[in-house]
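Presented below is the structure to which this report refers.
What you see below is based on every heavy atom in this structure, not just the backbone, and it leaves out hydrogens, waters and symmetry mates.
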Amino acid sequence: MNILTSDISFFICTIAVLLYCVFYYYNGKSPQRARSCVFEILMFNMLFASISALVCEILDFFHSPEENFFNYMQEFFLTSYFVFHSLLAPFFALYVVLVNNWGELKSLKGMILFISPALFLEIFVLTNPLTGFVFYYQDNVIFTRGPMELLIYAEAVGYLAFTVRQILIYKAVLIKSNFVALCFFIACSCFGVAVQFFCPWFKLELFAEALSLLGVLLLIEKEDAHTDVMTGVYNRQMFIADNKWHIQSGRKYVVMVITLANFKMFLRMVNGESLNDAVREIVFWVMRNIQGTVYRIEQDRIAVITTASRLECDNFAANFRAMMQSRNFFEDKSLVLSTSIDIVSVPSEIDSVELLVELGDEDRGSVNSGFLLHREEHIEKVKRRVEIEKILQKAIQNKSFEVYYQPIWNAETGMFDCAEALVRLFDANNGSISPREFIPIAEQNGMIGEIGCIVFSKVCEFLRAAEPKKFGLKYVDVNLSVFQLYLENTDILFKNVMSKNGISADQIHLEICDSEMFSEDAVVQAHYQKLRELGFVFSLDNFAMGYANLIQVIQKQYQHLKLSESLLQNAEQPEMKQLLFEVTNLVRKFRFDVVQKGVETQKQLEMVLEAGANKIQGFYYSKPLEAHAFVEFIRNQNATTNPVHI
């Protein structure tokens with residue numbers, strides 16, 4: 001009686017653990033995967049097996065040598081227990097296969113071979129009341145194992161071996177927590193099975209399996225660390241992990257990335273919760289309209305991994321476009337979210353996770369309205385971007401950027417008394433890479449701070465080593481990205497580099513490109529003031545082509561304004577020529593130096609001098625030169641103008 005009571009207590013505890021699993025699972029259900037469906041089957045399979053075992057144990061109180069109703073009921077529930085419990089091993093093996101991205105069961109033949117042993121044994125279990133092959137009651141009293149019960153254990157061992165093999169094969173692509181959870185399930189279940197096999201009176205097996213299932217629930221199914229809090233779908237981390245699994249296991253699939261191009265603009269325009277509601281609505285629509293796994297990999301990017309055909313994906317894109325055009329997400333119907341969709345086949349078109357996470361990145365921040373569908377033609381741009389990022393990382397590590405100097409001629413003195421430092425990047429496989437290509441990428445991925453410090457250091461080293469001031473050079477313009485002004489320590493780094501090289505701030509002018517962020521961002525302005533306090537003089541690049549007006553120019557106390565070559569290139573048109581003259585004349589009235597960029601011909605030189613520009617930069621005088629050639633240039637040119645500088 002004591003043993004019986006102990007068994008009942010074990011079964012009650014087992015059922016309690018399983019009911020907790022069910023409640024916890026459905027209370028905050030994670031995004032659906034095929035494996036999640038199998039996990040649900042596992043939970044209820046074990047729950048029904050435990051209930052059957054509990055009822056069977058209770059009916060033991062009423063068991064009689066005489067045939068009666070309770071005897072039949074006990075046999076029914078015991079059969080029910082074997083029906084459910086014998087399916088535990090194959091279902092867990094299937095769960096592991098799904099965690100491992102289908103493993104070796106991609107074909108119908110593989111699936112049939114996998115499930116056949118379980119179906120074969122189920123036939124024997126279901127017909128046991130007629131055959132007694134699995135179990136029977138000797139003399140209607142003593143529970144006796146039949147010859148087929150050993151076969152059930154053998155089947156379980158076979159599925160276990162298959163499961164262990166799957167885990168070992170795909171260990172490299174498993175998240176560590178998943179690997180730990182699967183190993184815990186196997187170890188805990190095997191311990192319970194071994195104890196109950198050798199000590200049949202100690203009913204520990206189901207309890208051990210329930211605990212192991214709880215471990216799988218907490219470590220694999222409840223993926224709080226891998227889900228987006230706002231939408232409940234998987235996040236960027238899981239998108240990267242899943243693609244690694246799929247690529248390494250050789251799976252063919254399609255990735256779609258939906259970009260909300262003007263999302264950042266809407267952050268300033270609408271209520272935050274309204275925008276969140278719009279994103280949630282879009283995510284849920286995607287989940288309903290495509291078979292696959294949905295991720296929110298950025299605030300403004302939603303990704304899908306699917307095995308759907310390209311035609312199905314194209315149809316999805318068309319339906320998505322129609323939905324976005326017909327849906328009003330905000331009270332103001334004039335506000336429309338602009339979107340783009342990138343569709344790529346993996347691995348035939350892209351076989352790199354680095355490339356996949358870059359999809360749609362170029363569209364972010366766009367203010368253009370409408371819908372764009374990117375297909376094969378966009379993939380090369382993404383590949384090029386990732387390749388440039390790798391080259392930049394290597395160049396930063398090796399500090400292999402080169403600095404060239406373009407002389408600037410002073411019309412008032414006739415000397416080349418300043419220059420602009422221009423960064424250059426050369427790669428063994430790609431040759432020379434234009435700053436117009438790599439600088440925007442560096443600004444977007446955060447590398448611009450390191451690149452800016454490398455360039456600043458090289459300029460200071462040049463000023464110390466070559467001493468170009470001996471030949472008439474007063475200062476060098478060094479470009480400063482607005483993104484560098486977001487970094488707290490830019491002023492400290494610059495100060496330390498100058499101190500190390502014995503350079504004063506008046507030997508370097510920092511050149512800022514006119515932009516909206518520089519004009520309006522409070523953080524940028526605060527760091528700008530710190531640099532001014534160090535003694536730096538600032539130049540404004542691309543004046544008259546950006547956001548700064550004359551009031552802002554005066555308030556920020558720029559010393560030099562550089563006019564864009566675009567003004568000069570179109571100066572043959574009467575209106576543009578008039579604009580060039582009026583802008584130059586107006587700036588000069590306020591005693592700013594005007595540096596005209598892009599001067600290439602004698603005619604252009606005469607025009608900008610007539611307009612009033614007092615400093616000239618362009619190929620007419622010199623292309624950008626490496627350090628030694630630049631020093632030779634200004635020595636020779638300035639010696640002709642002023643023999644003091646020899």
Side-chain angles (χ1 to χ4, degrees), residues 261-265 267-268 299-300 361-367 385 388-389 392 396 401 403 420-423 425 434-459 475-495 497-498 505 508-566 592 595 597:
N262 54 353
F263 180 89
K264 290 184 178 179
M265 181 181 72
L267 283 174
R268 302 180 181 181
Q299 273 189 312
D300 50 3
D361 201 56
E362 290 185 0
D363 296 321
R364 301 172 68 195
S366 171
V367 296
R385 177 188 175 87
I388 294 297
E389 287 184 343
L392 287 174
I396 290 171
F401 293 96
V403 178
E420 180 178 358
L422 299 166
V423 63
L425 177 60
S434 170
R436 293 185 178 181
E437 182 177 18
F438 73 79
I439 291 296
I441 295 174
E443 289 180 333
Q444 291 173 18
N445 63 23
M447 295 181 185
I448 192 64
E450 295 170 287
I451 295 173
C453 285
I454 291 172
V455 171
F456 188 86
S457 296
K458 286 182 178 288
V459 171
Y475 64 87
V476 174
D477 283 331
V478 177
N479 288 283
L480 182 72
S481 169
V482 174
F483 293 93
Q484 288 177 261
L485 292 174
Y486 279 104
L487 304 175
E488 288 284 350
N489 61 345
T490 296
D491 59 323
I492 298 173
L493 290 172
F494 283 8
K495 181 180 179 181
V497 171
M498 288 192 300
I508 296 176
H509 289 188
L510 298 178
E511 186 174 311
I512 291 284
C513 187
D514 190 7
S515 70
E516 182 180 13
M517 285 189 297
F518 184 67
S519 300
E520 299 181 0
D521 194 283
V523 174
V524 168
Q525 291 305 310
H527 293 163
Y528 167 76
Q529 290 301 326
K530 288 182 180 180
L531 290 170
R532 285 191 60 83
E533 290 168 7
L534 288 178
F536 285 109
V537 171
F538 280 80
S539 303
L540 182 66
D541 196 13
N542 285 335
F543 179 69
M545 301 298 290
Y547 293 87
N549 54 47
L550 199 55
I551 294 176
Q552 292 171 327
V553 168
I554 294 171
Q555 288 176 340
K556 291 183 173 61
Q557 301 177 6
Y558 295 114
Q559 185 164 329
H560 312 286
L561 301 182
K562 288 194 172 185
L563 301 187
S564 171
E565 50 263 63
S566 299
F592 290 107
V595 182
K597 296 168 60 178

Once you measure the plane-to-plane angle for F456 and F536, does it fall in the parallel (<30°), tilted (30-60°) or perpendicular (>60°) bin? perpendicular
Which pair of heavy atoms, one from [X] and one from [Y], lies closest together, and at what distance?
{"X": "H509", "Y": "Q559", "value": "CE1-NE2, 4.2 Å"}
{"X": "P440", "Y": "P435", "value": "CD-O, 3.6 Å"}
{"X": "Q484", "Y": "T490", "value": "O-OG1, 2.7 Å"}
{"X": "S481", "Y": "E443", "value": "OG-OE2, 2.8 Å"}
{"X": "I508", "Y": "Y475", "value": "N-CB, 4.4 Å"}
{"X": "N479", "Y": "A421", "value": "ND2-O, 3.4 Å"}

To the nearest 0.5 angstrom, please state how far the [atom1] atom of [X] sits from the [atom2] atom of [Y].
{"X": "I388", "Y": "E437", "atom1": "CD1", "atom2": "CD", "answer": "4.0 Å"}
{"X": "D541", "Y": "H560", "atom1": "CG", "atom2": "NE2", "answer": "12.5 Å"}
{"X": "I448", "Y": "I439", "atom1": "CD1", "atom2": "CD1", "answer": "4.0 Å"}
{"X": "F401", "Y": "K458", "atom1": "CZ", "atom2": "NZ", "answer": "9.5 Å"}
{"X": "L510", "Y": "Y528", "atom1": "CG", "atom2": "OH", "answer": "9.5 Å"}

Can you confirm whether [X] sits close enough to [Y] that some side-chain heavy atom of one is under 4.5 Å from a side-chain heavy atom of the other?
{"X": "L425", "Y": "L392", "value": "yes"}
{"X": "F494", "Y": "L480", "value": "yes"}
{"X": "E389", "Y": "I441", "value": "yes"}
{"X": "D477", "Y": "K562", "value": "yes"}

Within 6.0 Å of NZ in K495, more than 12 heavy atoms from elsewhere: no
